[in-house]
Amino acid sequence: KDIIHTLQHIIASLKDKDGLDGAHIPTFRFMSIDIHNQDQPGSTFVSRGFEFTSASPAKEFADAIYHELASRELLHYPIKVFVPDEGAIPRTEELVSELLHHPQNHLRSIDLVYVEKVRKVAGQVSDAWIEKVVRWTLQANGSITKTPVETPTPDNPSTEACVIIGTDDMGDTLGTGGNDVDLVQAHFPHQVFTIFSFTHPVLSKGPENLNRVNANFILVGNTLITDELKEAIKNGHIRPEVRTVNLAPTIARALTQN
């Protein structure tokens with residue numbers, strides 16, 4: 001909001017200058033990489049007359065995911081991608097679309113596992129469960145059909161060997177992310193590989209919080225890579241393997257497409 005107020009003041013000052021008409025006032029546009037969704041924080045800027053773009057890194061993360069799966073000869077295993085909460089639905093569904101249309105995809109379908117949460121206090125999850133599982137199937141014409149399938153339970157879990165993938169926009173304490181991975185693994189206990197990915201490694205309590213995630217591999221965007229995180233990865237202080245994803249192409253694509 002401070003940035004918006006500052007820009008509004010600058011624009012008003014330019015309009016007051018003698019001889020300067022509207023055609024010569026620069027256009028300001030805001031962009032973020034994968035923060036919440038297009039509505040938030042976008043609506044804050046749009047309601048004040050500024051353009052806003054939410055740049056999606058789905059393509060870059062899909063490339064990184066298939067790179068890891070191919071290097072481990074895991075491309076033939078069914079994939080379960082879980083949606084951590086309602087706000088993450090657009091982001092996760094976009095990632096699944098990129099995965100299905102990816103040239104390295106060997107599967108006709110990917111299952112989306114939708115996690116439902118109750119938060120009695122902001123930031124604190126009091127309960128979580130799997131609400132539904134929906135199979136996305138890629139058709140010959142490139143379209144995707146969506147079919148609900150049976151939802152496993154911890155008492156009656158899936159017996160299918162599979163790859164589990166989780167995705168989120170930000171990773172800080174990673175308590176919720178770690179719990180989500182545990183929850184999904186309890187329903188799909190025969191996972192052969194688990195990847196957890198998030199765009200912004202906030203990690204305000206330190207990179208060691210990555211150890212809270214029971215994953216084989218962690219992918220993070222390179223937006224907030226600190227020396228502390230680099231050292232923790234280099235010195236083996238992080239239990240899962242960690243790889244950074246270059247999001248420069250995400251920015252370039254958003255700039256050239258708008």
Side-chain angles (χ1 to χ4, degrees), residues 34 36-40 54 56-66 68-69 74-119 125 127-169 176-199 213-217 219:
D34 190 25
H36 300 303
N37 52 50
Q38 183 63 35
D39 292 331
Q40 293 295 339
S54 179
S56 170
K59 182 181 184 303
E60 284 64 47
F61 276 97
D63 288 343
I65 287 168
Y66 275 120
E68 300 306 327
L69 295 181
L74 298 174
L75 290 174
H76 60 287
Y77 282 99
I79 294 176
K80 317 293 180 181
V81 181
F82 68 84
V83 185
D85 53 37
E86 184 177 354
I89 291 175
R91 172 192 316 110
T92 311
E93 291 184 345
E94 186 166 1
L95 174 63
V96 171
S97 179
E98 288 286 347
L99 291 172
L100 280 172
H101 288 98
H102 197 277
Q104 287 181 281
N105 174 31
H106 290 195
L107 310 170
R108 286 189 59 240
S109 63
I110 292 176
D111 288 350
L112 272 82
V113 181
Y114 291 82
V115 176
E116 187 72 20
K117 290 189 171 95
V118 174
R119 291 181 173 91
V125 176
D127 195 12
W129 65 94
I130 291 180
E131 180 188 18
K132 62 182 177 180
V133 179
V134 179
R135 180 158 298 161
W136 283 33
T137 303
L138 182 65
Q139 304 299 321
N141 63 1
S143 65
I144 295 174
T145 58
K146 305 170 187 179
T147 308
V149 297
E150 183 178 358
T151 302
T153 67
D155 294 331
N156 186 26
S158 170
T159 59
E160 184 178 41
C162 65
V163 169
I164 292 175
I165 298 172
T167 182
D168 210 344
D169 57 347
T176 301
N179 291 340
D180 288 341
V181 170
D182 292 342
L183 173 69
V184 176
Q185 288 177 339
H187 292 70
F188 298 91
H190 297 281
Q191 75 277 354
V192 295
F193 200 70
T194 297
I195 298 175
F196 188 68
S197 66
F198 55 96
T199 308
V213 183
N214 186 28
N216 302 100
F217 203 87
L219 293 169

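The heavy-atom pair separating Gly177 from Phe196 by the smallest distance is CA-CZ, 3.9 Å. Across all non-hydrogen atoms, the minimal contact from Pro57 to Asp34 is CD-CB, 3.6 Å. Ala64 and Leu219 make their closest contact through CB-CD1, 3.9 Å (heavy atoms, listed as atom of the first residue, atom of the second, distance). For the pair Pro189 and Pro157, the tightest heavy-atom approach, listed with the atom from each and the gap, is CD-CB, 3.6 Å. For the residue pair Leu95 and Ala58, the shortest heavy atom distance occurs at CD1-O, 3.7 Å.
In this structure, Ile110 CD1 and Ser97 OG are separated by 9.5 Å, a value rounded to the nearest 0.5 Å. For the atom pair CG of Leu107 and CG of Leu138, the computed distance is 10.5 Å after rounding to the nearest 0.5 Å. The distance from the CZ atom of Phe188 to the CG atom of Leu183 is 10.0 Å, given to the nearest 0.5 Å. Rounding to the nearest 0.5 Å gives a distance of 10.0 Å between CZ of Phe198 and OG1 of Thr167. Rounding to the nearest 0.5 angstrom, the gap separating the CD1 atom in Ile144 from the CH2 atom in Trp136 is 5.5 Å.
Proximity of Asp169 to Arg91: side-chain heavy atoms (C-beta onward) are separated by under 4.5 Å at one or more points. Contact of the Glu98 side chain with the Phe61 side chain is not registered, since no non-hydrogen atoms from C-beta on lie closer than 4.5 Å. When side chains are defined from C-beta on, Pro78 does not count as touching Asp111, because their heavy atoms never get closer than 4.5 Å. Looking at heavy atoms from C-beta onward, Val81 lies in side-chain contact with Thr92 at the 4.5 angstrom threshold. At least one side-chain heavy atom of Ile89 sits less than 4.5 Å from a side-chain heavy atom of Glu86. Within the 4.5 Å cutoff, the side chain of His106 has no heavy atoms near those of the His76 side chain. With contacts defined as side-chain heavy-atom distances shorter than 4.5 Å, the pair Gln185/Asn214 qualifies. With a 4.5 Å cut-off on side-chain heavy atoms, Val192 and Val163 count as touching.
With Tyr66 contributing its side chain and Leu99 its backbone, the two residues share a donor-acceptor pair below 3.5 Å. Panel note: side chain Gln104, backbone Leu69; no donor-acceptor pair is recorded below 3.5 Å. Of the possible polar contacts, one joining the Ser197 side chain to the Gly166 backbone as a donor-acceptor pair under 3.5 Å is found.
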Discussion item. Evaluate Lys80 against His187 for side-chain contact (heavy atoms from CB on, under 4.5 Å), listing each step before the verdict.
Written reply: CA-CA 11 Å; Lys80 317 293 180 181; His187 292 70; over 6 Å; no
Fill in: From CA spacing to verdict: side-chain contact (heavy atoms from CB on, under 4.5 Å), Tyr77, Ile164
CA-CA 10 Å; Tyr77 282 99; Ile164 292 175; over 6 Å; no
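More than 12 non-hydrogen atoms from other residues, nucleotides or ligands lie less than 6.0 angstrom from NZ of Lys117. In Glu150, the CD atom is not crowded: 12 or fewer heavy atoms of neighbouring residues, nucleotides or ligands sit closer than 6.0 Å. Remark: Glu116 CD is packed, more than 12 non-hydrogen atoms of other residues, nucleotides or ligands lying under 6.0 Å away.
A side-chain contact (heavy atoms from CB on, under 4.5 Å) with Ile79 is found for one member of Leu112, Asn105, Ile165, Leu100 and no other, namely Ile165.
A donor and an acceptor atom, one from each side chain of Asp155 and Thr153, are nowhere located under 3.5 Å apart.
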